[in-house]
Amino acid sequence: MKSVRAGHPHDKPHHPHRPLSCLLFAFVLLLGLFSVHESSTWLHIQTGVRILAERAVPAVDGFSYTFSGRPWTTDSWLADVLFQRLHGSAGPWGLIVLKAVTCAAAFTLLLPVSASSPLLAAAVLALGAVAAWPGLTETPAFFDILLLALLLRALRPRSRFHWAMVAQVGLVEILWSNLHGSTAVLGLWVTGLKAFKAGLREEHPGDSLRQGALVAAAAAGFILNPLGFGAMTHMFGQAGSALAGWQSVSSAVGLYALFVLLGVWACWITLQQEFFLTVTAATLLLLSFLVPVLRPLYILAVCPVITLALGHFIHPLRDTHSRLARLAAVMAGVFALHYYWIYVPFSGLRGYGSESMAGVLHFLDSNGVRGRMFNEPESGEALLAGGRPVFVDARVGLYGHLFFKDAAHWSLQWRQLREVYGFDYAVILNRRAGSPARVLDEDPEWRLAY
């Protein structure tokens with residue numbers, strides 16, 4: 001009688017597990033469809049409008065009258081154009097569905113990486129998707145999640161080198177550098193890690209040349225964007241502007257902290273057997289402290305590392321129908337909690353697709369209100385949807401920290417700002433805390449119009 005060896009936690013990827021793949025895809029898809037939204041989506045849509053009109057990537061700002069003409073460009077021109085096209089043809093739900101499908105595909109792609117225990121892998125990836133929900137927004141960053149997953153799937157297998165891998169890496173990096181160039185440097189780094197690891201165990205003549213071709217393909221793909229290597233400078237410009245979800249919702253920070261602890265432990269366990277995956281996850285962990293918008297990427301990358309580490313201590317579970325049904329029931333319960341705790345209270349907060357600014361823009365247009373508008377930083381990008389030049393928006397790098405600070409605390413120095421910039425009308429968010437609009441109520445030269 002022959003004995004069958006149990007699957008080792010570090011076995012290479014095998015054929016996809018279709019029932020679990022469908023279950024995980026559906027779960028992440030629902031998280032993406034019913035999640036929070038970013039007002040910065042409007043900036044990308046309007047940038048797409050400008051690119052299509054001018055047939056060129058912008059070189060100066062054209063959205064703010066205060067800094068009109070100041071050098072500014074986009075590192076996501078392809079995503080901006082795609083956003084504009086999809087929004088124009090299908091409305092907000094078209095873009096929301098694209099985001100949800102893209103993120104669901106990314107998490108599902110990493111399921112076969114932990115081949116010995118697909119049930120455990122699916123559970124960890126599902127929990128990772130819940131932890132990463134603040135990053136499941138309609139910004140070019142959601143493409144990062146899929147492109148990173150594609151690179152990990154292409155580079156992680158311990159099979160012999162093949163030239164198709166060079167084409168795959170080059171294509172992914174070209175897409176990444178044009179969809180979201182500021183983070184495309186991560187693809188270059190990940191490819192370099194793979195080449196470095198392979199170089200330590202050269203087994204055949206010409207291995208160095210092949211790995212060099214892999215890195216060269218990634219580098220060539222990276223620079224084939226309008227900004228060239230300058231795209232990488234945009235990454236750390238995001239360090240001061242974290243996702244609203246990471247800042248305001250303690251549950252998301254708590255889940256991120258959980259994945260930090262699990263990730264550090266898992267990297268320690270798997271470093272020798274999984275150098276490529278482990279160092280990739282560790283690098284993203286460090287960067288996620290500096291640039292919070294990279295936290296979803298870290299969580300995605302560390303999920304297979306955590307699963308492989310747990311595989312050293314948990315015996316692989318057979319994926320029986322009853323266990324699949326129980327996992328599906330747990331996922332349904334988790335989604336219900338997400339819907340009532342996250343989607344219901346946060347989905348309508350001045351994000352893309354919300355109606356909070358539609359009434360204001362309609363009032364301004366129907367009454368022919370023109371001139372210099374004052375607005376707060378939080379509402380600038382939503383007001384761009386109406387095609388009006390704004391006083392300020394969320395682009396701290398364009399305005400500078402001092403100007404942005406003055407704009408954020410405008411109620412303390414309203415008269416000075418009014419004298420300097422000559423506002424004709426103001427759009428103020430309706431807040432209860434602090435009542436900043438009281439300054440305007442007490443100003444005899446201003447009155448409430450809407």
Side-chain angles (χ1 to χ4, degrees), residues 16-37 93 96-97 99-114 117-137 142 145 149 243-246 248-263 265-266 295-296 298-307 309-311 313-349 351:
H17 191 293
R18 287 183 175 81
L20 274 175
S21 296
C22 293
L23 179 61
L24 181 62
F25 184 92
F27 177 72
V28 182
L29 179 72
L30 288 174
L31 290 180
L33 291 176
F34 299 94
S35 190
V36 297
H37 308 290
W93 271 105
I96 292 171
V97 169
K99 174 258 307 193
V101 170
T102 301
C103 295
F107 279 87
T108 307
L109 275 171
L110 293 190
L111 180 61
V113 172
S114 309
S117 186
L119 271 174
L120 181 61
V124 172
L125 284 164
L127 182 61
V130 175
W133 71 260
L136 308 185
T137 57
F142 74 74
I145 301 175
L243 287 172
W246 295 116
S248 61
V249 184
S250 59
S251 61
V253 177
L255 285 174
Y256 167 70
L258 173 64
F259 271 83
V260 168
L261 295 176
L262 288 175
W265 169 79
R295 291 181 181 180
Y298 159 68
I299 292 172
L300 174 75
V302 82
C303 281
V305 180
I306 292 173
T307 305
L310 290 174
F313 305 95
I314 299 177
H315 185 74
L317 299 174
R318 292 182 58 194
D319 45 341
T320 61
H321 293 297
S322 61
R323 284 176 175 154
L324 281 172
R326 287 197 293 269
L327 180 60
V330 171
M331 286 184 175
V334 171
F335 172 72
L337 294 176
H338 169 85
Y339 184 88
Y340 287 107
W341 287 357
I342 304 299
Y343 178 72
V344 172
F346 295 107
S347 61
L349 295 180

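Just so you know, these numbers come straight off a predicted model, no measurement behind them.
In this structure, Ala132 and Phe107 approach most closely via the heavy-atom pair CB-CZ, 4.4 Å. Between Ala122 and Met331, the shortest heavy-atom contact is O-CE, 4.1 Å. Counting all heavy atoms, side chain and backbone alike, Val101 lies closest to Phe25 at O-CE1, 4.0 Å. Nearest heavy atoms, Ala129 versus Val28: CB-CG2, 3.8 Å. Of all heavy-atom pairs spanning Ala131 and Pro134, the tightest one is O-CD, 3.7 Å.
In this structure, Lys99 contributes its side chain and Phe142 its backbone to no donor-acceptor pair below 3.5 Å.
The ring pair (Phe, Tyr, Trp, His ring centres under 6.0 Å) test applied to Tyr343 returns Phe34, Tyr339, not counting sequence neighbours. In this structure, the side chain to side chain contact (heavy atoms under 4.5 Å, CB included) partners of Ala149, at least two apart in sequence or on a different chain, are Ala106, Leu109, Leu110, Leu300. Scored by the ring pair (Phe, Tyr, Trp, His ring centres under 6.0 Å) test, Phe313 finds Trp265 as partners (sequence neighbours excluded). Every residue meeting the side chain to side chain contact (heavy atoms under 4.5 Å, CB included) condition with Leu324, not counting sequence neighbours, appears here in chain and number order: Pro19, Leu20, Leu119. Ala26 pairs by the side chain to side chain contact (heavy atoms under 4.5 Å, CB included) definition with nothing, not counting sequence neighbours. With sequence neighbours excluded, the residues that form a side chain to side chain contact (heavy atoms under 4.5 Å, CB included) with Ala100 are Leu29, Leu33.
Here the CD1 atom belonging to Ile299 is positioned 7.5 Å from the OH atom belonging to Tyr256, to the nearest 0.5 angstrom. Atoms OG and CD1, from Ser117 and Ile314 in turn, are 7.5 Å apart once rounded to the nearest 0.5 Å. A distance of 5.0 Å separates CD1 of Ile306 from CZ of Phe259, quoted to the nearest 0.5 Å.
Considering only heavy atoms from C-beta on, His338 comes within 4.5 Å of Leu31 through its side chain. Put simply, the side chain of Ile145 reaches to within 4.5 Å of the side chain of Leu136, judged on heavy atoms. At least one side-chain heavy atom of His37 sits less than 4.5 Å from a side-chain heavy atom of Ile96.
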Working for side-chain contact (heavy atoms from CB on, under 4.5 Å), residues Val130 and Leu255: CA-CA 8 Å; Val130 175; Leu255 285 174; 3.8 Å; yes

For side-chain contact (heavy atoms from CB on, under 4.5 Å), just list the numbers for Trp341 and Phe346, CA-CA rounded to whole Å, side-chain angles, deciding distance to a tenth of an Å, and then say yes or no. CA-CA 8 Å; Trp341 287 357; Phe346 295 107; over 6 Å; no

| said: For Val97 and Trp93: C-alpha separation, side-chain torsions, deciding distance, then whether side-chain contact (heavy atoms from CB on, under 4.5 Å) applies. | reply: CA-CA 6 Å; Val97 169; Trp93 271 105; 4.3 Å; yes

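Evaluated for a side-chain contact (heavy atoms from CB on, under 4.5 Å) with Cys303, the options Leu262, Leu111, Leu125, Val113 yield exactly one hit, Leu125.
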